Amino acid sequence: MESMPHTKHPFLFRREYRYPYLDRDLLDFLLNIPSEQLAIPGRRRHLMRRALRGLLPVEILERRRKAFLIRSPLLSIQRAHEHIGSLFRSSRLVDLGLVKRDEFLAVVDIVARGADVQGWPHIVRTIEMELWLRSTETFHDPTSFSVDLVAST
């Protein structure tokens with residue numbers, strides 16, 4: 001950066017670079033925190049949650065994700081609820097024995113109502129797999145495809 005030409009003279013104009021997380025006092029403090037308090041298996045941001053206990057409601061402290069991250073997929077599942085049902089009435093995954101239709105549609109109903117939203121990633125993956133299987137039916141079976149390898153002379 002020092003050797004690059006600038007439009008302003010370096011003695012009159014000089015950028016100031018700051019690295020607040022490299023402050024010696026802050027680093028000393030953070031490095032002296034026992035690792036048992038920082039990292040607890042299965043608990044993310046444990047120290048932050050402990051520090052904010054009593055200041056924030058338990059529902060906010062213990063939430064797994066922020067609401068905006070799952071809002072869009074949940075709305076999509078709610079809007080396409082009937083279409084998902086019709087998609088799995090004649091499902092390739094059900095025919096292959098990979099998905100139990102009634103149980104899957106019950107989970108879709110629960111997520112669409114908003115009663116328990118934790119199953120939405122599995123629903124999305126299952127729908128993607130079903131659509132992928134259907135898309136492969138439009139191609140020829142690779143075992144029946146043959147190429148005549150005749151050398152032309």
Side-chain angles (χ1 to χ4, degrees), residues 1 4 15-23 25-153:
M1 290 295 290
M4 295 180 68
R15 292 181 189 238
E16 183 177 351
Y17 298 100
R18 294 184 182 204
Y19 303 95
Y21 294 112
L22 293 180
D23 180 62
D25 294 334
L26 178 62
L27 285 175
D28 286 340
F29 172 75
L30 291 174
L31 292 173
N32 284 321
I33 297 175
S35 60
E36 305 86 44
Q37 291 185 14
L38 287 175
I40 293 181
R43 294 277 303 178
R44 294 184 56 197
R45 299 185 182 99
H46 177 69
L47 188 62
M48 178 198 71
R49 292 176 201 263
R50 268 191 34 207
L52 295 174
R53 193 177 299 145
L55 297 174
L56 293 175
V58 175
E59 296 83 17
I60 293 175
L61 278 177
E62 297 301 326
R63 67 182 175 192
R64 311 265 291 144
R65 292 187 166 186
K66 295 185 178 177
F68 68 87
L69 292 176
I70 62 169
R71 185 172 185 269
S72 179
L74 290 179
L75 285 176
S76 298
I77 291 172
Q78 289 171 348
R79 289 180 185 146
H81 183 236
E82 291 180 20
H83 185 66
I84 294 169
S86 65
L87 181 69
F88 280 87
R89 283 192 194 96
S90 60
S91 169
R92 307 308 181 264
L93 291 172
V94 172
D95 294 343
L96 292 170
L98 299 172
V99 172
K100 296 179 181 177
R101 177 183 296 120
D102 296 334
E103 292 178 23
F104 177 74
L105 293 177
V107 171
V108 171
D109 288 338
I110 290 169
V111 171
R113 284 185 316 208
D116 184 12
V117 296
Q118 291 187 8
W120 75 265
H122 307 294
I123 292 172
V124 171
R125 284 189 210 115
T126 306
I127 293 169
E128 289 171 348
M129 180 65 80
E130 176 67 29
L131 294 175
W132 176 78
L133 280 173
R134 288 176 183 230
S135 73
T136 60
E137 293 174 357
T138 60
F139 297 110
H140 296 291
D141 181 14
T143 58
S144 66
F145 184 72
S146 63
V147 177
D148 189 15
L149 298 175
V150 177
S152 61
T153 55

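Everything numeric here is computed off the predicted structure, so don't read it as measured data.
A distance of 12.0 Å separates CZ of Arg79 from CD1 of Ile77, quoted to the nearest 0.5 Å. Here the CG atom belonging to Leu52 is positioned 10.5 Å from the CD1 atom belonging to Ile60, to the nearest 0.5 angstrom. Between the NE2 atom in His83 and the OG atom in Ser76 there is a gap of 12.5 Å [rounded to 0.5 Å]. Separating the CG atom in Leu133 from the CG atom in Leu98 is a distance of 8.0 Å, to the nearest 0.5 Å. Separation of atoms CD1 (Ile123) and CD (Glu128) is listed at 12.0 Å; rounding is to 0.5 Å. Taken to the nearest 0.5 Å, the CE atom of Met48 stands 8.5 Å off from the CG atom of Leu56.
Scanning all heavy atoms of the two residues, the minimum distance from Leu105 to Ile84 falls at CD2-O, 4.3 Å. Taking both residues in full, the closest heavy atoms of Val111 and Leu74 are given as CG1-CD2, 3.6 Å, listed atom of the first, atom of the second, then distance.
With Ser91 contributing its side chain and Phe88 its backbone, the two residues share no donor-acceptor pair below 3.5 Å. For Arg134 (side chain) and Arg92 (main-chain N/O), no donor-acceptor pair under 3.5 Å exists by modelled atom type.
Residues Val108 and His81 are in side-chain contact: their nearest non-hydrogen atoms beyond the backbone lie under 4.5 Å apart.
Summarising the local packing, CD of Gln37 is surrounded by more than 12 heavy atoms from other residues, nucleotides or ligands at distances under 6.0 Å. Shown here is Gln78, whose CD atom has more than 12 heavy atoms of other residues, nucleotides or ligands within 6.0 Å.
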